[in-house]
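Take a look at the structure set out below.
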Amino acid sequence: MTKRIAILTSGGDAPGMNSAIRAITLTSAKLGLQCVGFLHGYNGLINQEYIELTPDCVIDITQRGGTLLKSARCDAMLEDTGVQQAANALRKLHIDALIVIGGDGSFRGIHALSAHWHGQLIGLPGTIDNDLAGCDHTIGFSSAVNTATVAIDKIRDTANAFERVFITEVMGRHSGHIAYNVGIATGAEAILSFENYTKSDTAKLVQQLQRAITEQQHKHGSFLIILAENLWPGGAHALRDALNEQSNINCALCVLGHIQRGGAPSAENRMLATELGVAAVETVYQAIQHDTFRAATFMLGKINGVLTSTPISTVLTRQKPVPDSWVKRYRDFLAEGETSSLYTNFLN
């Protein structure tokens, strides 16, 4: 019997999702498997809203941002009745394997489904936040870093022209991966992230920033602060107000927001998404060929260049912060330069 593979993209979109959809569709066609795509995430699954995916549908989508299948949050998947509806839809449509491209919330949907449906559930890490265990990088991460880096390079130009302190807030949910990568790439004078800050340190940090800005701004003309979203109480606006009011420092502010989720995916993201998409279909096909097809719930990722399968339960329970060793190395690097006061005093 011909096996049917289904795909959905869920939660926040990430550049490279289309590359994964394309790879899954083309590999399915090559191996003689049927492929369908549910629209609008888990909502489309529950409502049985789907399209047949053929090579003609996906031939020119790899360079596009967003997702051909659209995406959405699905409140129904937070309730057992909604999960059962999704499982019933998979049975009714004779789906043998469901591939979900998304992040933490999407994988919680997979985990919930596994209790009610016994086909293969495969997750592909698709989120700009890079906060999923079981992989070095997620689909969309490098594109978001590139987009933010280009934007902040332009902010540096105007910050230099007006000799301003500039706070730029980047996305990441509760992860500092974007903040650290962007901060290093742009040569920011300060990176404020979950790895080097707690709410109890607010007053101390304002003092440290004031001292560092006073020491450095007159030498270089500008001072860039990269702030991870959801970190500072009240957000970037509150940090700006604290510096303006408590330290008499006139700060400009830019919240990059959803621009980081848009645009053409980077070559790295296209390649990663393609490789994971092909591997997902081949995993299903090999199980069929060797008559070992069974219920399974796992995520495919790459660690140190090697394709890796990790149980979804492990992905959901294991944290993935920016490594302590990386934070220390960057601190030591800055300690050799003129911005050492902020990092050596505050991070130690």
Side-chain angles (χ1 to χ4, degrees), residues 1-13 17 20-21 24-25 28 33-53 67 69-127 131-135 138 276-277 279-288 290-301 309-318:
M1 181 180 295
T2 301
K3 296 292 182 179
R4 300 191 83 194
I5 291 178
I7 318 169
L8 65 82
T9 50
S10 173
D13 59 307
M17 282 182 165
I21 294 169
I24 294 166
T25 302
S28 296
L33 304 175
Q34 292 182 352
C35 188
V36 301
F38 290 108
L39 302 175
H40 308 111
Y42 285 106
N43 297 293
L45 171 55
I46 290 173
N47 297 325
Q48 299 178 45
E49 182 186 6
Y50 66 94
I51 58 174
E52 297 285 342
L53 290 172
T67 162
L69 298 176
K70 310 304 180 184
S71 189
R73 313 290 181 184
C74 182
D75 292 337
M77 286 295 290
L78 300 177
E79 304 292 337
D80 194 61
T81 53
V83 177
Q84 290 186 34
Q85 284 180 304
N88 290 335
L90 290 169
R91 282 188 286 267
K92 181 177 179 179
L93 297 172
H94 305 291
I95 303 300
D96 298 291
L98 174 65
I99 300 173
V100 175
I101 310 167
D104 178 83
S106 305
F107 289 177
R108 293 189 186 281
I110 292 179
H111 186 66
L113 262 177
S114 65
H116 299 278
W117 184 70
H118 301 296
Q120 288 203 336
L121 290 160
I122 302 174
L124 299 188
T127 168
D131 58 350
L132 295 175
C135 64
T138 56
L276 295 181
V281 178
E282 288 183 342
T283 298
V284 175
Y285 182 75
Q286 290 299 322
I288 295 170
H290 296 93
D291 198 26
T292 57
F293 196 85
R294 57 181 175 79
T297 309
F298 59 90
M299 185 195 83
L300 289 175
S309 173
T310 305
I312 289 292
S313 57
T314 300
V315 175
L316 293 175
T317 55
R318 185 180 297 168

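This one's a predicted model, so the numbers in the text were calculated from it and none came from an experiment.
- In this structure the side chain of Val281 never reaches within 4.5 angstrom of the side chain of Thr25, judged on heavy atoms.
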- Message: Determine whether Thr138 and Asp131 satisfy the following criterion, side chain to side chain contact (heavy atoms under 4.5 Å, CB included), listing intermediate values before the conclusion.
- Response: CA-CA 8 Å; Thr138 56; Asp131 58 350; 5.5 Å; no
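- Heavy atoms only, all atoms of each residue included: Leu276 and Pro125 are closest at CD1-CD, 3.9 Å.
- Atom CG of Leu33 sits about 10.5 Å away from atom CD of Glu282, to the nearest 0.5 Å.
- Counting only heavy atoms from C-beta outward, the side chains of Ile101 and Leu69 never approach each other to under 4.5 Å.
- In this structure, Arg318 places its CZ atom where only 12 or fewer heavy-atom neighbours from other residues, nucleotides or ligands lie under 6.0 Å away.
- Between Asn47 and His40, the side chains place no donor N or O within less than 3.5 Å of an acceptor N or O (distance only, hydrogens not considered).
- Salt bridge annotation for Arg4-Glu52: present, with a cationic side-chain nitrogen under 4.0 angstrom from a carboxylate oxygen.
- Annotation: the span from Arg73 atom CZ to Tyr42 atom OH amounts to 12.5 Å, rounded to 0.5 Å.
- For the residue pair Gln84 and Asn88, no side-chain donor N or O sits within less than 3.5 Å of a side-chain acceptor on the partner.
- Summarising the geometry, atom OG1 belonging to Thr9 is positioned 12.0 Å from atom CZ belonging to Phe38; distances are rounded to the nearest 0.5 Å.
- For the pair Asp104 and Thr127, the minimum side-chain heavy-atom distance is 4.5 Å or more.
- The number of heavy atoms from other shown groups lying within 6.0 Å of NE2 (His116) is above 12.
- The minimum heavy-atom distance linking His111 with Ser313 is given by the pair CE1-CB, 4.2 Å.
- Taking every heavy atom of both residues into account, Ser28 and Ile5 meet most closely at OG-CD1, 3.9 Å.
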- Item | Audit row: Met17, Ser71, side chain to side chain contact (heavy atoms under 4.5 Å, CB included) steps and yes/no | CA-CA 10 Å; Met17 282 182 165; Ser71 189; 5.5 Å; no
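- Looking at every heavy atom in both residues, Gly102 comes nearest to Leu132 through O-CD1, 3.9 Å.
- To the nearest 0.5 Å, atoms CG (Asp96) and NZ (Lys3) are separated by 4.0 Å.
- For the residue pair Ala280 and Ile122, the shortest heavy atom distance occurs at O-CD1, 3.8 Å.
- Separating the SG atom in Cys35 from the CD1 atom in Ile21 is a distance of 9.0 Å, to the nearest 0.5 Å.
- Between Val100 and Ser106 the shortest heavy-atom distance is CG1-CB, 3.9 Å.
- A 4.5 Å side-chain heavy-atom check between Ile46 and Met77 finds at least one atom pair inside the cut-off.
- A heavy-atom distance below 4.5 Å is found between the side chains of Thr283 and Phe298.
- By the 4.5 Å heavy-atom criterion applied to side chains, Ile99 and Val284 are not counted as neighbours.
- In this structure, Leu93 CG and Leu98 CG are separated by 11.0 Å, a value rounded to the nearest 0.5 Å.
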